[in-house]
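Notes to accompany the following structure.
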Amino acid sequence: MLGHELLDEWSHLRSPLHRTDARVKLPCALVLVVAIVMVPVSSNWLLMPFAALIFALAVASGLPGRWILKRLLVIVPFLAISGLLVALLPQAEASAVHHAGGVGGRQLVRHALAVWLSVGGKCVLTLVAATLLTGTSSSADLVRAAQALRMPHTLTALTGLAMTYLGVLSDEVARMITASRSRGRVSGLRRRAGVLCSVVVTAIVRGFERAERVALAMVSRGYDGRIPDLTREPVPHAQIAGGVCFVICTCALYWAGVGL
Amino acid sequence: MSLLRVDDLHFRYPDGTAALTGVTFSLDHGDSLGLVGRNGAGKSTLLLHLNGILHGTGAVRVHDQPVEQWPAGELRATVGLVFEDPADQLFMPTVLDDVCFGPLNAGLSADEARRRALEVLHSVGAADLADRAPHHLSAGQMRRVALAGVLAMEPELLVIDEPVMALDPEGRESVIELLRDLPQAKIIATHDLELVLEVCNRVAILDGGRIQAQGPARDLLADDTLLRNHGLRVPASLRFV
Amino acid sequence: MSTRNPEGSQTTVAEQFERARELTVGGLAIALGVLVPIVFHAIGGGRAGSTFLPMYLPVLACGMLVSPGIAAAVGLITPALSSALTGMPPVLPVLPLMVVELAALGALASLLHRRLKLHVIPATAVALLGERVVMGIAVALAVGLLPADLLEALPPPMRQPLPYVIGATVTALPGLALQLVVVPVIVAAVERTSLLQGRGS
């Protein structure tokens, strides 16, 4: 139920973005995310061209819009809560300023709104960027890309195992939830919490037990401290050139926007 | 010279549970041994001794050389272990990478490993799965790929734990055909006595941590009293002969 | 039985297994760290994340079972991968903080339980306490070091380290209690069933 939706669900599509090698997409996505995160609150408008760029990429990706929007749903509560915080706290400050005979209460509120738009906009845009990357690449391609970027072996090996077993473990969790539901509807907060705890504890214990069996299987096939890098073809030169162009354009957009 | 010889093997888990209490048997080239017994009889524990992962007291010899004296890599390539749950064994992100894992560890170049992996995948009828993610395969396909991962190491002895567990009849039949066609010596630990009849020429009954009886498959599996004493039943195909 | 690894040193089967086990336990802990919060949100609803700290469970339990380096790597990767795949935690402002916190949490748990041989219950308690201290230091460093432009983007409560840590800790009290109860149960269960526990000694 969970894992397959997170990885590899749409990696079989054949859009231009899917055809681009993950070894090109990963660095491009990283540069894009860093550029978006670094946009200062005073240049909030700069998020608009980045949003347009990401929208264009999303259209080019051929990924279903509903699926991308569903991913975004997760951060709605976070945006709402941070919106409340930002709206309430400065108003208290503003009224304090007002009572002290100062001016600028309205400015403070406007500033708080800008901060919220900045944080919220950045969260949404970076999440869509990450979704486009993971939605258009298979998990194997992502691991290959991390290896090609010379990430430390331990990190790529751990990430590869995590992505490989995400589907297996989520199927296991889904079966446990179904089993607990099939034994009748659980009512009451306390009992629901009990069911939740037992599912989670069992899932973690079984996961670690499986980890031992996987380790046995690795040793049985001659593992001696290093997981071999994945097989790979060279990246076509045109794609490398395209990636370099993308990075240059992203950086140019950022510098131009911040400089203005 | 026998391929594998196990003499008076004892093993106790760290928590004190005695898992093996004097196992003795041997296996020759071309042999196919069905290892049967009730749950908890010690089958899986015994298998882990055969490629040197567990060490008990007593002797496990491959080609008359104690496993302790084998270089680990060579032993693992000689005795290939296929695990019960293929999901535990398919730990690489794609099928091809998984089958390449053993050969690459054995020191083959990337090209050689890839060539061998593709050959083996072809031989188990899984050539078209090479680029797939292992955990999106059907149970039967996963079995084949898991077997390919071990066959790619070109073992002389295949040790297989429950090869048809949780397979539908069609998947089961195709795995049995595949096993029957493999030329290597085999030890197959299973509850599926029909499978033993179809694939193995010999049977050993493991119970209480030791081999209680061994002999030709058709004779032993027809002995109702013996089987019942060890939590087993005569397979249907022999019951009405 | 032994073999020579590429560096030329001897490794025994027990060492090979231990290295493989650290990697697989770490890898599966990351996968669990992505999944468990989804289950919490699915069953527990809305704010289950900041209250019950579900991502801490696998990371902390993993820390008790592997070496500090792998445990820190697990803490580093888990929130980042979860953020990329599920959107939670959000990239700003929570993700950078969680990366530091969970890396510290895993490494501390491992140091206390595996190196200093502290029993798992006090090790859990001290690791959680240490993680809160690291959280405070990380927020203070962020406030001190971030350029003014970016600092503005931090929500107002995060601009004051001590009140922030206290607030976050109060919110997470049920979660911290949950860790104290559940992590020892998980670790005991795994250590008991571990096939090769103590082998080679």
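By convention in this document, chain letters (A, B, ...) are assigned in the order of the sequence lines, proteins followed by strands, and residues within each chain are numbered from 1.
- Between chain A and the residues L32(C), V94(C), V91(C), the most heavy-atom pairs under 4.5 angstrom are made by L32(C).
- V200(A) touches chain C through its side chain: at least one heavy atom from C-beta onward sits under 4.5 Å away, while N, CA, C and O do not.
- Once rounded to the nearest 0.5 Å, the distance linking CE of M55(C) with CE of M98(C) reads 4.5 Å.
- Nearest heavy atoms, T169(C) versus R132(C): OG1-CD, 3.2 Å.
- Contact of L79(A) with chain C is not made at all, since no heavy-atom distance falls under 4.5 Å.
- With a 4.5 angstrom heavy-atom cutoff, S83(C) touches chain A only via backbone atoms.
- The CG atom of L129(C) sits 11.5 Å away from atom CG of L105(C), with the distance rounded to the nearest 0.5 Å.
- Here the CG atom belonging to L85(C) is positioned 6.5 Å from the CG atom belonging to L166(A), to the nearest 0.5 angstrom.
- Proximity to chain A involves both the backbone and the side chain of L23(C), based on heavy atoms less than 4.5 angstrom apart.
- At a 4.5 Å heavy-atom cutoff, the contact between L158(A) and chain C is made by backbone and side-chain atoms alike.
- Interface residue V182(C): only side-chain heavy atoms are found under 4.5 Å from chain A.
- Contact record, F208(A) with A29(C): CE2-CB, 3.7 Å, taken as the closest heavy-atom pair.
- Each of G87(C), G27(C), G26(C), A73(C) has some count of heavy-atom pairs under 4.5 Å with chain A, and the biggest count is that of G27(C).
- Residue V187(C): no heavy atom, backbone or side chain, is found under 4.5 Å from chain A.
- Chain A forms the most heavy-atom pairs under 4.5 Å with one residue out of A84(C), P89(C), A61(C), A80(C), and that residue is A84(C).
- When each of V205(A), V219(A), V74(A), I204(A) is scored by its heavy-atom pairs under 4.5 Å with chain C, the top score falls to I204(A).
- In this structure, the separation between OG1 on T136(A) and NZ on K25(A) is 3.0 Å, given to the nearest 0.5 Å.
- Side-chain contact of S67(C) with E22(C): a donor-acceptor pair under 3.5 Å is present, judged by distance alone.
- For L28(C), the parts sitting under 4.5 Å from any heavy atom of chain A are the backbone and the side chain alike.
- A salt bridge links R114(C) with E18(C): the distance from a Lys NZ or Arg NE/NH1/NH2 to an Asp or Glu carboxylate oxygen falls below 4.0 Å.
- Distance OG1/T126(A) to CD1/I75(A): 7.0 Å, rounded to 0.5 Å.
- With a threshold of 4.5 angstrom between heavy atoms, L95(C) does not approach chain A through any atom at all.
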